[in-house]
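Inspection log for the structure reproduced underneath, given as structure tokens.
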Protein chains: 2
Amino acid sequence: MSISNAFIPELRRSHLFSCLEDDAVNKMIATAELIRRPLGDMLFHAGDKAEKFYIVHTGTVKLFLLASDGGEKIIEIIQAGRSFAEAVMFMEQNRYPVNCQLLEASEILAFENETYVSILRSSPEASFSLLAEISRRLHGRLVEIDNLCLHNATYRLVNYLLSQIATDAEGGPGIHLAIQKSDIAARLSIQRETFSRILARLKNSNLLKVSGSNIQVIDIEGLKALLDE
Amino acid sequence: MSISNAFIPELRRSHLFSCLEDDAVNKMIATAELIRRPLGDMLFHAGDKAEKFYIVHTGTVKLFLLASDGGEKIIEIIQAGRSFAEAVMFMEQNRYPVNCQLLEASEILAFENETYVSILRSSPEASFSLLAEISRRLHGRLVEIDNLCLHNATYRLVNYLLSQIATDAEGGPGIHLAIQKSDIAARLSIQRETFSRILARLKNSNLLKVSGSNIQVIDIEGLKALLDE
């Protein structure tokens with residue numbers, strides 16, 4: 001079924017539409033379609049001609065490849081609000097490189113590549129606006145990944161330190177751990193630079209002191225609070 | 001100082017150059033510059049005219065804003081190999097929106113926006129190739145974020161389950177935990193959907209069984225092994 005202007009706010013949240021002029025968005029809506037499919041349906045197969053890109057309106061789809069042994073390699077799980085298969089419209093080879101199957105009954109918005117590309121071709125401003133938007137988002141995602149890695153590694157390190165305190169015979173605050181920092185980092189699969197950054201943060205927060213290869217815990221409750229962050 | 005063709009392999013790893021033809025890369029190199037600066041130096045201030053974009057060759061820089069109370073809000077820390085300030089060249093307002101300062105003595109490659117933009121304007125293929133590359137990278141980063149969130153949440157949940165087993169009076173495998181799943185999820189700051197996905201994975205791996213609000217641990221060693229992943 002064709003889609004209405006009621007979808008405009010939803011489309012504007014996607015980087016593919018946030019950067020278009022109103023009349024370009026209307027042109028896209030005129031050629032768009034809302035596809036309703038049951039769980040398990042294939043939306044497209046790898047190698048199919050790529051004529052559309054998509055935004056998941058409700059539900060979930062997966063992108064996957066078939067290995068030579070017939071096994072599935074899942075490339076991406078895409079949930080409501082996310083676009084997919086848009087990169088291929090900018091490529092010379094216009095065939096989907098992956099398979100797409102519905103993981104639950106879903107409603108998917110489908111847009112014609114040809115219309116979108118013609119909008120960009122006729123307006124360098126639209127292209128540049130899209131490039132600016134994706135560049136910003138790419139930077140934002142890299143920051144998010146850095147934060148997640150740091151958070152994850154902090155959780156592991158603090159968790160490990162607390163477990164060592166619990167088994168220390170002397171107990172109480174100011175416990176002395178005679179463990180090589182490099183050994184702790186390796187044990188917890190934390191990169192050396194990340195490990196140093198976390199230790200520096202814990203020192204600056206007065207949660208522990210580090211002298212040489214020794215770590216002295218100053219504030220156990222403060223460390224425990226980090227696990228709940 | 002000007003830069004040489006020796007930088008080509010390094011440049012090709014950036015999405016900004018991986019999609020350009022050889023002669024376009026050479027054109028960029030001809031106008032590029034290697035900037036060496038000491039720790040603490042400002043590379044640009046927010047509001048400065050944006051005439052260049054950058055790739056960190058060695059060292060680290062930070063992008064930051066000044067709050068009204070004079071405090072710094074760090075937007076991003078950028079390490080060797082990463083580009084920055086490129087989004088602004090695609091925007092109408094060509095002023096840097098942030099400040100950039102060196103966190104250590106660094107070598108930074110600087111490229112002229114004007115040259116890069118003129119390459120894209122004269123070749124829709126170059127624009128589309130860049131759009132394809134950034135779209136792919138953006139999707140890749142989203143997958144990475146999903147994986148990191150799932151990994152982090154799995155670590156927390158498994159860690160919590162193991163801590164509960166250790167304090168259970170009956171001990172041994174097959175321990176019965178009479179805890180509401182929703183309570184565990186809330187306690188560990190894990191989103192409901194993520195929590196369900198993790199439990200499903202742990203069940204499928206025969207590490208535990210779930211019946212109603214009860215979780216029965218089947219394979220303690222298997223769970224412990226997940227903490228080392």
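Computed from a prediction, not measured in an experiment: that's the story for all the values here. Chain naming here is simple, since letters A, B, ... match the order of the sequence lines and numbering starts at 1 in each.
- Ring centroid separation for the pair A/F53 and A/F84 does not come in under the 6.0 Å cut-off.
- Judged purely by atom type and a 3.5 angstrom limit, B/S123 has no side-chain atom pairing as donor or acceptor with the backbone of B/I119.
- For B/R156 and B/F195, the positive end is not near the middle of the six-membered ring at less than 6.0 Å and at most 45° from its axis.
- For A/D146, the part lying near chain B is the side chain, with the backbone staying farther off; criterion is any non-hydrogen pair under 4.5 Å.
- Ranking B/L142, B/L131, B/L130, B/I75 against chain A, the residue ahead of the rest is B/L131, based on heavy-atom pairs under 4.5 Å.
- The environment of CD in A/E72 is crowded: more than 12 heavy-atom neighbours from other residues, nucleotides or ligands sit within 6.0 Å.
- No part of B/E133 comes within reach of chain A, as not one of its non-hydrogen atoms sits under 4.5 angstrom from that chain.
- Side chain of B/T60 to main chain of B/Q79: no donor-acceptor pair is present (N/O by atom type, distance under 3.5 Å, no hydrogens or angles).
- Of the possible polar contacts, one joining the B/Y116 side chain to the B/L16 backbone as a donor-acceptor pair under 3.5 Å is found.
- Only the side chain of B/N159 comes within contact range of chain A, judged by heavy atoms closer than 4.5 Å.
- Using a 4.5 Å cut-off between heavy atoms, B/N152 contacts chain A through both its backbone and its side chain.
- More than 12 non-hydrogen atoms from other residues, nucleotides or ligands lie less than 6.0 angstrom from NZ of A/K62.
- Note on A/V117, A/I78, A/I77: by heavy-atom pairs under 4.5 Å with chain B, the leading option is A/V117.
- Neither the backbone nor the side chain of B/L188 comes within contact range of chain A, judged by heavy atoms closer than 4.5 Å.
- Contact check on A/R12 versus A/D22 returns a salt bridge, with a Lys/Arg side-chain nitrogen under 4.0 Å from an Asp/Glu carboxylate oxygen.
- Contact count against chain A (heavy-atom pairs under 4.5 Å) is highest for B/E76 among B/E76, B/R137, B/M89.
- Contact residues of residues 90-115 of chain A toward chain B are A/F90, A/M91 (heavy-atom distance under 4.5 Å).
- With a 4.5 angstrom heavy-atom cutoff, B/V88 does not touch chain A via any of its atoms.
- Between the B/T194 side chain and the B/I190 main chain, no donor and acceptor come within less than 3.5 Å of each other.
- In summary, B/E193 and B/R197 do not engage in a salt bridge, as defined by a charged side-chain N under 4.0 Å from a carboxylate O.
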